[in-house]
Amino acid sequence: MRYRLLALVLAVLLPVSLFVGVYVGGHPRLLPGFLRDAFVGDTQAQVYDEALGRISADYYRRVSKNGLLDKSLAAAVASLKDPFSRYVDPKSYGDFQDSTNGNFEGVGLNVAEVPQGLKILTVFDGGPAKRAGLRPGDVIVAVNGSSLKGKPSEASTSRIKGPAGTSVRLTVERGGKRRDARLRRARVEVPVSTHRLLTVSDFKIGYVSLTQFTAGAHGEVLHNVRDLLKRGAKGIVFDLRHNGGGLLQEGVLVASVFIGDGEIVSTHGRNRATHRYNASGDAIDAKIPVAVLVDGGTASASEIVTGALQDYKRATVVGVRTYGKGVFQEIEDLPNGGALDLTVGEYFTPKGRNLGPKNGKRGLTPDVPAADDPKTSADEALKKALQVVAAKL
């Protein structure tokens, strides 16, 4: 009889306890202090979650808890005052993943931030911008009538991108004159590397450009370099101007196209052990002369490649001082579908150089200074790089 009574009491109390536990778990402020600590713990995460819940529930106007989460995470990362770290919300994360794979929905442009807006660096074949007659050197000063003057490039480019099939109106300035161009966005596959054969002083020299270190970039570079050598090129000019970087591993593999053996880069962070990345082999003949073209937009993975080539004296660096990033980021997925693009450490060239501003001179100093004259249509820096390679032949 006693055991039956005990079983009956447990049968009643267990569901009640479960309900209470679930309810107070979602409303910890209703518990007395000593019980709240015992049941849910007095942690910062619980304070944060409860604060978001109260705002969402009690604010006099309806607000989205997910929206609050996005804004608060963005503000937390912004408080680091690190220009390279950011929170990527769930919607933007998909676009970010597409861009690292060399695909996106937009108009087919590679651009750089200028005071008036966005200067067009490359117009990709087959894209909406090419069909609309846009050209490198044009400056996009407005999108859908909204000025881009003084706006950061990320905010400006996000206005241009959009779902395939939708339209966007770009105001473009060329030679002091402005015109509007209406483009229909499309799915664009970006050719991250281009190549062509040039002749200087009766020598055939291969020109290879790389716009970003997306997945598979090293394969394109290797194919293009080998194709040019097969067609008779005696030297290579490798153009990394306006290349802001991308995937670290792709940088190591691209450097391995020219460097057959040895360390390419090392990385170290507060919570990251030192890691050394070595050349993967399968490099072209070390006797083939190489020049690397760089500018102030050459950053991150581009500087890793350039720094390794310079340290090993495998290439002559031509251009102007590079950006000088010196740190690397990792993408850390979050449970809400977003991600943190977070600076987690510094990188060092084979000779131990870090290119960030805290270590003296920022960026890489070119071996041969060369700058383009914006008033001319000629590419003076490329001409100098070709001359450097030809002189070695």
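Note that the coordinates shown come from a computational prediction; the quantities given were computed from them, not determined experimentally.
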Q) For the residue pair Ala370 and Val320, what are the closest heavy atoms and their distance? A)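 Heavy atoms of Ala370 and Val320 come nearest at O-CG1, 3.5 Å.
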Q.
Looking at every heavy atom in both Arg187 and Ala164, which two are closest together, and how far apart are they?
A. N-CB, 3.9 Å
Can a donor-acceptor pair be found, under 3.5 Å and without considering hydrogens, that links the side chain of [X] to the backbone of [Y]?
| X | Y | value |
| --- | --- | --- |
| Arg185 | Ile160 | yes |
| Ser56 | Gly53 | no |
| Asp138 | Arg174 | no |
| Thr166 | Pro163 | yes |
| Glu330 | Gly345 | no |
| Arg131 | Gly126 | yes |
| Thr322 | Leu364 | yes |
| Ser193 | Ser209 | yes |
| Ser201 | Phe203 | no |
| Asn224 | Glu220 | yes |

In plain terms, say whether [X] and [Y] are close enough for a salt bridge, that is, a side-chain N and a carboxylate O under 4.0 Å apart.
| X | Y | value |
| --- | --- | --- |
| Arg196 | Asp227 | no |
| Arg54 | Glu50 | yes |
| Lys351 | Asp311 | no |
| Glu173 | Arg179 | no |

**Q.** Test salt bridge (Lys or Arg N to Asp or Glu O under 4.0 Å) applied to Asp295 - qualifying residues, sequence neighbours left out
**A.**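 Asp295 satisfies salt bridge (Lys or Arg N to Asp or Glu O under 4.0 Å) with no other residue.
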With rounding to the nearest 0.5 Å, note down the distance linking [atom1] in [X] to [atom2] in [Y].
| X | Y | atom1 | atom2 | value |
| --- | --- | --- | --- | --- |
| Ser302 | Leu210 | OG | CG | 6.5 Å |
| Leu69 | Asp89 | CG | CG | 10.5 Å |
| Glu332 | Leu340 | CD | CG | 6.0 Å |
| Leu355 | Phe348 | CG | CZ | 9.5 Å |
| Lys325 | Ser300 | NZ | OG | 3.5 Å |
| Asn354 | Thr349 | CG | OG1 | 8.5 Å |

Heavy-atom check, side chain of [X] versus side chain of [Y], under 4.5 Å:
| X | Y | value |
| --- | --- | --- |
| Leu134 | Pro128 | no |
| Thr274 | Thr267 | no |
| Val237 | Ile205 | yes |
| Leu229 | Ile284 | yes |
| Arg184 | Ser167 | yes |
| Asp367 | Gln310 | yes |
| Val114 | Leu118 | no |
| Arg86 | Leu342 | no |

Q | Apart from Val327 itself, residues in the same hydrophobic cluster as defined by side-chain heavy atoms under 4.5 Å | A |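 ILVMFWY cluster around Val327 also holds Phe84, Tyr323.
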For residues [X] and [Y]: do they belong to one hydrophobic cluster (side chain heavy atoms under 4.5 Å, members Ile, Leu, Val, Met, Phe, Trp, Tyr)?
| X | Y | result |
| --- | --- | --- |
| Val388 | Val208 | no |
| Phe238 | Leu293 | no |
| Val292 | Tyr207 | no |
| Val168 | Val141 | no |
| Val172 | Leu109 | yes |

Q) Applying ring pair (Phe, Tyr, Trp, His ring centres under 6.0 Å), which residue pairs with at least one partner in residues 275-315 are found, sequence neighbours left out? A)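 Qualifying pairs, neighbours excluded: His275-Tyr277.
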[atom1] ([X]) with more than 12 external heavy atoms under 6.0 Å:
| X | atom1 | answer |
| --- | --- | --- |
| Arg135 | CZ | no |
| Lys71 | NZ | no |
| Asp285 | CG | yes |

Q: Determine, step by step, whether Asp49 and Lys65 satisfy the side chain to side chain contact (heavy atoms under 4.5 Å, CB included) criterion, reporting the C-alpha distance in whole Å, the side-chain angles of both residues, the deciding distance to 0.1 Å, and the verdict.
A: CA-CA 10 Å; Asp49 188 58; Lys65 189 173 182 180; 3.7 Å; yes
(Q) side chain to side chain contact (heavy atoms under 4.5 Å, CB included) for Thr171 and Ile140? Distances and angles first, verdict last. (A) CA-CA 6 Å; Thr171 304; Ile140 303 170; over 6 Å; no
Q: Can you sort out the partners of Ser85 under side chain to side chain donor-acceptor pair (under 3.5 Å), two or more places apart, ordered by chain and number?
A: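 Listed in chain order: Asp82, Thr343.
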Could you go through residues 245-262 and list every donor-acceptor pair under 3.5 Å that involves a side-chain atom there, pairing it with any protein atom two or more places apart or in another chain?
| residue | atom | partner | partner atom | Å |
| --- | --- | --- | --- | --- |
| Glu250 | OE1 | Ala217 | N | 3.2 |
| Glu250 | OE1 | His218 | N | 2.9 |
| Glu250 | OE1 | His218 | ND1 | 2.8 |
| Glu250 | OE2 | Gly216 | N | 3.1 |
| Glu250 | OE2 | His218 | ND1 | 3.4 |
| Ser256 | OG | Val252 | O | 2.8 |
| Ser256 | OG | Ser280 | N | 3.0 |
| Ser256 | OG | Ser280 | OG | 3.4 |

Q.
Is there a side chain to side chain contact (heavy atoms under 4.5 Å, CB included) between Val290 and Val389? Walk through the geometry before answering.
A. CA-CA 6 Å; Val290 178; Val389 173; over 6 Å; no
Q) Given Tyr347, which of Glu303, His268, Arg353 fulfils the side-chain contact (heavy atoms from CB on, under 4.5 Å) condition? A)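 Testing Tyr347 for a side-chain contact (heavy atoms from CB on, under 4.5 Å) against Glu303, His268, Arg353 leaves exactly one candidate, Glu303.
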Q: Check side chain to side chain contact (heavy atoms under 4.5 Å, CB included) between Lys234 and all other residues, then give those that pass, not counting sequence neighbours.
A: Leu393
Q) Between Leu382 and Asp239, does a side chain to side chain contact (heavy atoms under 4.5 Å, CB included) hold up when you go through it step by step? A) CA-CA 8 Å; Leu382 174 57; Asp239 193 347; 5.7 Å; no
Q: Applying side-chain hydrogen bond (donor to acceptor under 3.5 Å, both in side chains), run through Asn243 and Gln212 and close with a yes or a no.
A: CA-CA 5 Å; Asn243 186 323; Gln212 53 187 324; over 6 Å; no
Q: Test Arg159 against Ser146 for side-chain hydrogen bond (donor to acceptor under 3.5 Å, both in side chains), laying out the working first.
A: CA-CA 10 Å; Arg159 296 184 187 181; Ser146 179; 2.8 Å; yes
